[in-house]
Amino acid sequence: MCGIFAYSGSGNAVSQVVKGLKKLEYRGYDSWGVSTIAQNSVRVYKDLGAIGGVSALEETHVLPPSEIAIGHTRWATHGAVNLANCHPHLASGKGFSLAHNGIVENYQRLKSDLIKRGHRFQSDTDTEVIVRLIEQILNELSVESGAQCMNDRFAEAVRQAFNQLTGRNTLIVLNAECRQFVGIKDGSPLILGRNGDAIYLASDVLAIAEYTKDYRVLKDRELVSHSLSGTQIQGTETGNSSADIHWQTLDISDVGRSKEGHPHFMIKEIFEQWSSIATSTRDSRERVLKVAARLNNARQVWVTGAGGAYFTACQIAYYLRTLASVPAQAIAAYEVQDYRELLSESDVMLAISQSGETADTLDALELARSCKLETIALLNCVGSSMSLLVDQVFLNRCGPEICVLSTKSASSQIAFGYHLALACQGEMNRADAQLDNLSQALSLRLNESYSMGIKEIAKNLHGARHVYVLGRGAHQAVAQIAALNIKEASYIHAEAFSAGELKHGVIALLEPGTPVILFVNHGDAYMINVAAELKSRGAHLIAIGTKTNELFDEFIELPFAAGETGGKGTLPSAGIADIIPCQLLAYHCATLRGHNPDKPRNLAKSVTVR
Ligand code: GLU
C-alpha cells in the first residue's frame with residue numbers, strides 16, 4: 001500500500017524523490033523516508049506523518065545533494081508507526097538501504113533463521129528480514145563469485161533474497177558501492193520511467209507523469225537494475241535473461257493533482273462527477289458490444305471487487321440482472337476462493353478496482369484464470385497489475401483520484417455498468433443519451449450551493465454516534481456505499497441495511513432521534529411504508545430522492561430531478577449518481593468534526609496487501 005520512488009539523473013535526486021513521494025502519499029501516510037549516497041555509504045532521513053518540504057530536509061544536512069536517491073511513504077502492516085520501523089531500512093555496514101511495499105508472509109520463519117545465523121534486528125517490521133537476507137546472501141556471494149562485477153553480484157543477491165519471500169511484494173534497494181538501484185516486484189506495482197538520462201522508478205504511473213513520457217510497467221519477478229553503466233531488466237526465474245526495454249508512451253498528463261482552489265481533493269472530485277460519468281463509457285463501442293455479446297452467452301457472470309468496489313460490483317450485477325437478464329452475481333473478492341467449485345470455463349469474471357492493484361481482487365482474478373474463466377477488469381489506473389493480468393481492460397478515464405475515498409471513480413464505474421447492461425440489451429444508444437443528460441443535469445446543479453444545503457443537514461448529523469442507511473433494489477448497494485463513505489470520512493458508525501430487513505431485526509436498533517438515511521424513489525410505496533414505520537419509532541428521517549413527503553424530517557433532492565433535462569424517460573434508472581448526496585454528507589461531517597477527509601486515519605487508497 002506504500003509508495004516507492006527512486007530517481008537517478010542530473011539535479012538534486014533527494015528533492016526529486018521528495019516531490020515524487022508527495023504524489024504517492026495517498027498510498028500511505030504514516031511516515032516517510034529518503035535515502036541517498038554520500039562518501040560511499042548510504043544515508044537515510046526518516047520522519048513521521050505528512051511528507052515535509054525539501055528545504056526542511058536540506059536544512060538537516062543529513063542528505064547532501066546526490067544524483068541518485070530512493071524514498072518511501074509507509075502504510076504500516078508490521079510494527080508500529082515509529083522511526084525505527086520507517087523505511088528505507090539500512091544495512092548494517094551502510095552499504096545499502098531498502099524500501100518495501102507489501103507483506104513478507106513468511107517473515108517469522110525467515111527472521112528466526114537469520115537470528116540463528118547471528119543477524120540482529122533493529123525494527124519490528126517484516127521488511128527488515130529482506131535487508132538481513134540480502135546481507136547474508138552478499139556475504140555468501142562474495143566468497144563464491146570472484147570476478148563477478150559488483151553491480152551484478154548485488155542484483156543477484158537482491159534476486160535471491162526476493163525469491164525466498166512469499167506474498168505480494170515490491171522492493172527498491174540503493175547500493176552505495178556501485179551507485180546503483182535495483183527494483184523487483186511480484187503482485188504489487190513498479191513502473192520504470194525515462195526522460196533523457198534521468199531514470200525513475202515509482203509505484204504508479206501518475207507519480208512520474210510530470211517528468212517523463214516513456215515508461216515500462218515491470219512484470220512480476222522482473223528485476224530492474226540502474227547505475228551509471230545503464231539500465232537493465234532481467235527475468236528473475238533464471239537470473240540471466242536480459243530483456244531489451246520496450247518503452248511505452250504515456251498518454252496522460254499530470255492533470256488532477258491540484259485541488260484547484262478547493263479545500264480538499266474529496267470535494268473537488270465530488271464536483272467532477274458531471275464529467276467523469278460522461279467519460280466513463282467512452283471506451284471503444286465495438287469492444288463494449290463484444291463484451292456485451294460475451295456476457296449474454298455466459299453461463300454465469302461473477303462481478304467482484306473489495307471494499308467500496310465490492311458494493312460497486314453489487315450495483316453492476318444488479319443492472320446486468322434486472323436490465324439485461326444476464327445471470328450476474330456479485331462476490332466479494334476475498335470470498336471468491338469459497339466459490340472455486342462453482343467456477344466454470346463458460347463463466348466470465350468482471351473485476352472492479354480503482355487502482356488495479358487491490359491484492360484481494362488480484363487473487364480472485366488469478367483463481368478465475370486458473371479455472372479458465374474469461375477475465376475483464378474495470379479500472380481507473382493505467383499500467384496497473386490487473387491490467388496486465390486480465391483478458392480485457394476497460395478504463396474509467398476519470399483522471400487521478402487523490403482522496404482515499406472513491407467518489408468519482410465509484411460513480412463512473414457504476415455508470416459504465418449501467419451502460420454495459422443496456423448494451424447487453426441492445427440499447428447502448430439509449431444509455432449514451434441518458435448518461436449525457438445525467439451529466440448535463442449534474443453540471444448545472446452539483447455546485448457549491450447544493451453542497452452548502454447538505455452541509456446544513458450535516459450540522460445535525462455530525463454529532464451522532466450511529467447512523468443507519470436504508471435502500472432497496474437499485475439503492476441497496478448505493479446504501480452500502482453511502483454508509484462506507486460516512487464511516488471512512490467522519491468515523492461515525494454508519495451501517496447500511498436493505499430496507500427489507502427493517503422489520504426482521506434492524507428496527508430494534510432505533511432509539512428516539514436515531515438518524516436514518518433513506519433512499520426513496522419517487523412513488524415507491526414500499527419505502528414510504530418503511531419511512532412511516534421508522535417515524536412511528538422516533539427515527540430522525542433524512543430522505544434522498546426526487547420528491548419530498550411529510551414523513552421526512554429532512555429531504556435532500558437529488559441533483560438531477562426528473563424533468564430538468566427535458567422530461568421523463570431521459571435520465572437513466574436509479575442508482576448511478578444517487579450516492580452524491582451521501583458523499584457530500586460524509587465530506588461535511590468529516591470537516592465539521594475536524595478530520596481531513598482526503599486522508600482518513602488507518603486507510604490507504606491502494607490496498608496492495610492481503
Ligand atoms: N510491511 C511493511 C511495513 O509494515 C511495508 C508496508 C508498506 O507497504 O507500506 O513496514
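Everything quoted here is computed from the prediction, not taken from an experiment. Basis for what follows: all heavy atoms, side chains included, without hydrogens, waters or symmetry-related copies. Start at 1 and go down the list; that is how both ligands and their atoms are numbered.
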Enumerate the atoms of ligand 1 whose separation from the nearest heavy atom of [X] is less than 4.0 angstrom.
| X | value |
| --- | --- |
| N101 | 8 (O) |
| T125 | 10 (O) |
| H72 | 9 (O) |
| T77 | 1 (N), 2 (C), 3 (C), 4 (O) |
| D126 | 1 (N), 2 (C), 3 (C), 4 (O) |
| W75 | 6 (C), 7 (C), 9 (O) |
| H87 | 2 (C), 3 (C), 5 (C), 10 (O) |

Looking at D30 and R74, is any side-chain nitrogen of the basic one under 4.0 Å from a carboxylate oxygen of the acidic one?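 Salt bridge flag = no for D30 with R74.
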Could you check which of S123, G102, C86 puts a non-hydrogen atom nearest to atom 5 (C) of ligand 1?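 Considering heavy atoms of S123, G102, C86, the nearest to atom 5 (C) of ligand 1 sits in G102.
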Cation-pi between K23 and Y211: NZ/CZ under 6.0 Å from ring centre and within 45° of the ring axis?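 So K23 does make the cation-pi contact.
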Regarding R194 and the six-membered ring of Y200, is the cationic atom NZ or CZ under 6.0 Å from the ring centre and inside 45° of its axis?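 Geometry flag: not set, cation outside 6.0 Å or 45°.
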Parallel, tilted or perpendicular for F416 and F394, by the 30°/60° rule?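 Geometry flag for F394 against F416: tilted rings.
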Aromatic ring centroids of Y215 and W247 under 6.0 Å?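 Centroid distance Y215-W247: not below 6.0 Å, so no.
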Ring centres under 6.0 Å, that's the criterion: do W32 and F5 meet it?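 They do not qualify: ring centres at least 6.0 Å apart.
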